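A short write-up of the structure that comes next.
Given the structure is predicted, the values throughout are model-derived calculations rather than measurements. All values below were derived from every heavy atom in this structure, side-chain atoms included, with hydrogens, water molecules and symmetry-related copies excluded.
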Amino acid sequence: MEILYNSTRNNGIRVKASEAILKGLSEDGGLFVPDHIPMLDKGLKDLAGMTYQEVAYEVMKLYLTDFTEEELKDCIVKAYDGKFDTEAIVPLVSADGAYYMELFHGATIAFKDMALSILPHLMITAAKKNGVKNEIVILTATSGDTGKAALAGFAGVKGTRIVVFYPKNGVSPVQEKQMITQKGENTYVVGIHGNFDDAQTGVKRIFADRELAERMDRQGFQFSSANSINIGRLVPQIVYYVYSYVRLLAEGKIAEGDKINVVVPTGNFGNILAAFYAKNMGLPVGKLICASNDNKVLYDFFRTGIYDKNREFVLTSSPSMDILISSNLERLIYRIGGEDGRKNAELMAALAEEGKYGITEEMQARLEDFYGNYASGEETAETIRELYEKTGYVIDTHTAVASCVYRKYKEETGDGTPAVIASTASPFKFTRSVMTAIDGKYDAMSDFELADELASLARVPVPAAIEEIRTAPVRHDHVCGKEEMKKTVEGFLGLKNIGH
């Protein structure tokens with residue numbers, strides 16, 4: 001059955017999957033959502049006998065209904081290949097009463113690789129299907145991981161260019177080095193004076209600039225997004241929740257139909273939204289446990305029904321979650337509000353103008369699948385140390401936020417349902433925070449010395465992604481103010497002010 005995508009702010013806008021992927025964001029500023037969530041059409045037992053790539057096809061074909069079987073399978077084969085350092089693609093590790101779903105075995109050692117390995121292939125296929133002749137310009141804001149994963153995915157891909165904005169002092173040293181050493185003539189990386197929300201707001205503003213879009217079109221360019229606002233990012237993320245469930249089933253850890261809880265460290269809300277979609281497709285998921293750091297805007301929202309970004313922005317040891325505007329929450333708000341585009345547009349206008357909005361009691365009642373909590377910086381460090389001392393397993397700061405919140409959830413509820421924790425980044429991406437959490441004596445070491453020490457502690461090799469940047473030259477040293485972002489993009493593309 002064909003699925004069309006409409007805007008969260010206007011029910012009248014309806015496009016095919018390939019068009020939604022190409023556009024990234026709807027013209028009215030809304031996000032594309034499927035007109036219905038499809039049900040899994042294969043039994044869980046059947047899926048349990050499949051590889052990651054096969055499960056990916058069975059899930060993604062239900063959403064990307066205007067892609068042929070051949071087109072979709074081709075994208076999947078190109079995405080989930082030797083770029084991943086394990087054949088399983090997503091291994092599950094059992095530690096201290098939970099299953100850690102390791103989503104960091106791709107080229108840039110963070111979960112963003114799971115979707116950004118396939119997005120360039122989906123986009124190029126979508127461009128061909130829609131007769132697009134323009135060069136596609138990927139415009140993205142990053143809080144640290146999306147940027148590098150998108151750069152790695154799009155570098156050297158014909159017919160595309162990519163521009164990434166990141167907060168100059170708001171990412172880890174390893175994250176920054178990964179981005180500024182990126183190869184590829186079609187890549188452009190810019191640090192901005194501001195935080196992630198400033199970068200994301202600037203990108204959304206550029207997307208909404210109709211005059212710029214027309215000028216670009218005349219000169220052979222069009223924008224698309226690699227942020228989690230792109231439905232081509234969200235759909236591949238649903239896959240690993242289905243896959244982790246059927247792995248547990250295949251290994252006899254759960255019986256068919258048993259529920260699992262899912263714990264996700266959350267910033268922009270895309271990763272946990274993918275779990276929500278998986279649950280609504282018929283995957284037996286109990287609670288969706290939303291873990292925040294000190295920027296606990298989501299925790300407060302789940303508790304009070306009021307989303308309020310008017311607060312101090314905190315720089316934490318889990319920088320990919322240092323976000324006060326969780327863009328993907330809009331897709332959930334649209335759903336619990338009865339899929340009313342007009343009503344949703346009003347809430348988003350309130351967020352833009354006053355920095356907050358409140359939902360009705362009826363809408364709040366529809367959030368019963370979710371549990372929200374947060375972990376402070378001290379609790380995050382403590383969780384890393386305790387898990388290492390107890391089991392020898394080392395996790396990164398974002399995963400530790402989730403692990404800590406899961407412990408709080410269990411203490412609060414006594415719920416013993418098996419839990420899958422989304423392990424969103426390799427500890428090697430945040431070596432200083434991870435190693436000093438284990439023991440303060442490591443603070444005197446350099447980042448690369450810490451990587452070597454971590455490898456010997458955790459008994460795992462240093463990932464290729466870290467080895468590569470030890471000596472890589474800096475290729476991008478551009479920095480701009482948040483108000484100069486549009487001018488920076490125009491300069492990179494060599495846009496001329498013609499046609500006026």
Legend entry - Check against salt bridge (charged side-chain N to carboxylate O under 4.0 Å, His left out), Lys61 and Glu58: CA-CA 6 Å; Lys61 71 174 189 190; Glu58 294 303 331; 2.7 Å; yes

Main-chain N/O of [Y] paired to [X] side chain as donor or acceptor, under 3.5 Å:
{"X": "Ser18", "Y": "Ala126", "answer": "no"}
{"X": "Thr187", "Y": "Gly184", "answer": "yes"}
{"X": "Asn186", "Y": "Phe154", "answer": "yes"}
{"X": "Thr140", "Y": "Ala226", "answer": "yes"}
{"X": "Ser326", "Y": "Gly267", "answer": "yes"}
{"X": "Gln219", "Y": "Met216", "answer": "no"}

Inset, instruction - Might you work through the side chain to side chain contact (heavy atoms under 4.5 Å, CB included) test for Tyr277 and Val235, ending with a clear yes or no? - result: CA-CA 9 Å; Tyr277 276 36; Val235 169; over 6 Å; no

Any chance you could measure [X], atom [atom1], to [Y], atom [atom2], to the nearest 0.5 Å?
{"X": "Asp198", "Y": "Leu324", "atom1": "CG", "atom2": "CG", "result": "10.0 Å"}
{"X": "Asn230", "Y": "Ser224", "atom1": "CG", "atom2": "OG", "result": "5.0 Å"}
{"X": "Thr108", "Y": "Leu116", "atom1": "OG1", "atom2": "CG", "result": "8.0 Å"}
{"X": "Asn268", "Y": "Asn227", "atom1": "CG", "atom2": "CG", "result": "7.0 Å"}
{"X": "Asn295", "Y": "Thr266", "atom1": "CG", "atom2": "OG1", "result": "13.0 Å"}
{"X": "Ile109", "Y": "Asp85", "atom1": "CD1", "atom2": "CG", "result": "9.5 Å"}

Does one side chain, of [X] or [Y], offer a donor that lies under 3.5 Å from an acceptor on the other?
{"X": "Asp443", "Y": "Thr436", "result": "no"}
{"X": "Ser320", "Y": "Lys112", "result": "no"}
{"X": "Thr399", "Y": "Ser423", "result": "yes"}
{"X": "Lys429", "Y": "Gln178", "result": "yes"}
{"X": "Asp294", "Y": "Ser376", "result": "no"}

Inset, instruction - Return the set of residues passing ring pair (Phe, Tyr, Trp, His ring centres under 6.0 Å) with Tyr57 (not counting sequence neighbours), or none when no residue passes. - result: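 Tyr57 satisfies ring pair (Phe, Tyr, Trp, His ring centres under 6.0 Å) with no other residue.
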
Inset, instruction - Go through the structure and list residues passing ring pair (Phe, Tyr, Trp, His ring centres under 6.0 Å) with Phe84, not counting sequence neighbours. - result: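 Residues passing ring pair (Phe, Tyr, Trp, His ring centres under 6.0 Å) with Phe84: Tyr80.
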
Is it true that, when you exclude [X] itself, more than 12 heavy atoms of the residues, nucleotides or ligands shown sit nearer than 6.0 Å to its [atom1]?
{"X": "Glu251", "atom1": "CD", "answer": "yes"}
{"X": "Arg205", "atom1": "CZ", "answer": "no"}
{"X": "Glu185", "atom1": "CD", "answer": "no"}

Inset, instruction - Let me see the working for Asn328 and Ser228 under side chain to side chain donor-acceptor pair (under 3.5 Å), right down to the final yes or no. - result: CA-CA 7 Å; Asn328 272 289; Ser228 57; 2.8 Å; yes

[X] and [Y]: which non-hydrogen atoms are nearest, and at how many Å?
{"X": "Leu315", "Y": "Gly170", "answer": "CD2-CA, 4.2 Å"}
{"X": "Ile421", "Y": "Ser403", "answer": "CD1-CA, 4.1 Å"}
{"X": "Lys204", "Y": "Ser327", "answer": "NZ-OG, 3.0 Å"}
{"X": "Ile395", "Y": "Ala400", "answer": "CD1-CA, 3.5 Å"}
{"X": "Glu379", "Y": "Cys404", "answer": "CB-SG, 3.8 Å"}
{"X": "Val405", "Y": "Ala375", "answer": "CG2-N, 4.1 Å"}

Legend entry - Cation-pi geometry met for Lys129 and Phe67 (6.0 Å, 45°):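 Judged by the rule (NZ or CZ under 6.0 Å from the ring centre, within 45° of its axis), Lys129 counts as positioned above Phe67.
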
Legend entry - Over-ring placement of Lys408 relative to Tyr374, 6.0 Å and 45° cut-offs: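 Judged by the rule, Lys408 and Tyr374 form a cation-pi pair.
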
Legend entry - Tyr188 and His476 aromatic centres sub-6.0 Å: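 Centroid distance Tyr188-His476: not below 6.0 Å, so no.
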
Check whether any side-chain heavy atom of [X] sits under 4.5 Å from a side-chain heavy atom of [Y], and report yes or no.
{"X": "Tyr99", "Y": "Val93", "answer": "no"}
{"X": "Ile238", "Y": "Tyr243", "answer": "no"}
{"X": "Tyr241", "Y": "Met101", "answer": "yes"}

Inset, instruction - Could you check Lys309 against Asp197 for salt bridge (charged side-chain N to carboxylate O under 4.0 Å, His left out), going step by step and ending with a plain yes or no? - result: CA-CA 10 Å; Lys309 76 173 184 78; Asp197 288 328; over 6 Å; no

Legend entry - Check against salt bridge (charged side-chain N to carboxylate O under 4.0 Å, His left out), Asp209 and Lys486: CA-CA 10 Å; Asp209 190 325; Lys486 176 181 167 182; 2.8 Å; yes

Legend entry - Asp447 and Arg432 ion-paired at < 4.0 Å: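 The answer is yes: the pair qualifies as a salt bridge.
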
Legend entry - Residues Lys73 and Glu70 bridged, charged N to O under 4.0 Å: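 Looking at Lys73 and Glu70, the cut-off is not met.
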
Inset, instruction - Output, in order, the C-alpha distance, side-chain angles, deciding distance and verdict of side chain to side chain contact (heavy atoms under 4.5 Å, CB included) for Lys183 and Arg475. - result: CA-CA 7 Å; Lys183 296 175 188 167; Arg475 294 168 183 272; 3.5 Å; yes

Inset, instruction - Starting from the C-alpha separation in whole Å, work towards a yes-or-no answer on ring pair (Phe, Tyr, Trp, His ring centres under 6.0 Å) for His398 and Phe430. - result: CA-CA 9 Å; His398 303 75; Phe430 304 94; 4.7 Å; yes

Legend entry - Working for ring pair (Phe, Tyr, Trp, His ring centres under 6.0 Å), residues Tyr393 and Tyr388: CA-CA 5 Å; Tyr393 186 54; Tyr388 170 68; over 10 Å; no

Inset, instruction - Would you check, one step at a time, whether the test side chain to side chain contact (heavy atoms under 4.5 Å, CB included) holds for Leu273 with Leu234? - result: CA-CA 8 Å; Leu273 184 72; Leu234 189 64; 3.7 Å; yes

Legend entry - side chain to side chain donor-acceptor pair (under 3.5 Å) assessment of Thr160 paired with Glu135: CA-CA 5 Å; Thr160 69; Glu135 207 169 326; over 6 Å; no

Inset, instruction - Begin from the C-alpha positions of Tyr299 and Asn293 and carry the test side chain to side chain donor-acceptor pair (under 3.5 Å) through to its verdict. - result: CA-CA 9 Å; Tyr299 163 66; Asn293 63 16; over 6 Å; no

Inset, instruction - Before giving the answer on salt bridge (charged side-chain N to carboxylate O under 4.0 Å, His left out), spell out for Lys390 and Glu386 the whole-Å C-alpha distance, their side-chain angles and the decisive distance to 0.1 Å. - result: CA-CA 6 Å; Lys390 210 170 185 180; Glu386 282 176 3; over 6 Å; no

Inset, instruction - Report the C-alpha separation of Lys148 and Gln175 in whole Å, then their side-chain angles, then the decisive distance to 0.1 Å, and conclude whether the side chain to side chain donor-acceptor pair (under 3.5 Å) test is met. - result: CA-CA 8 Å; Lys148 176 59 185 179; Gln175 285 176 315; over 6 Å; no

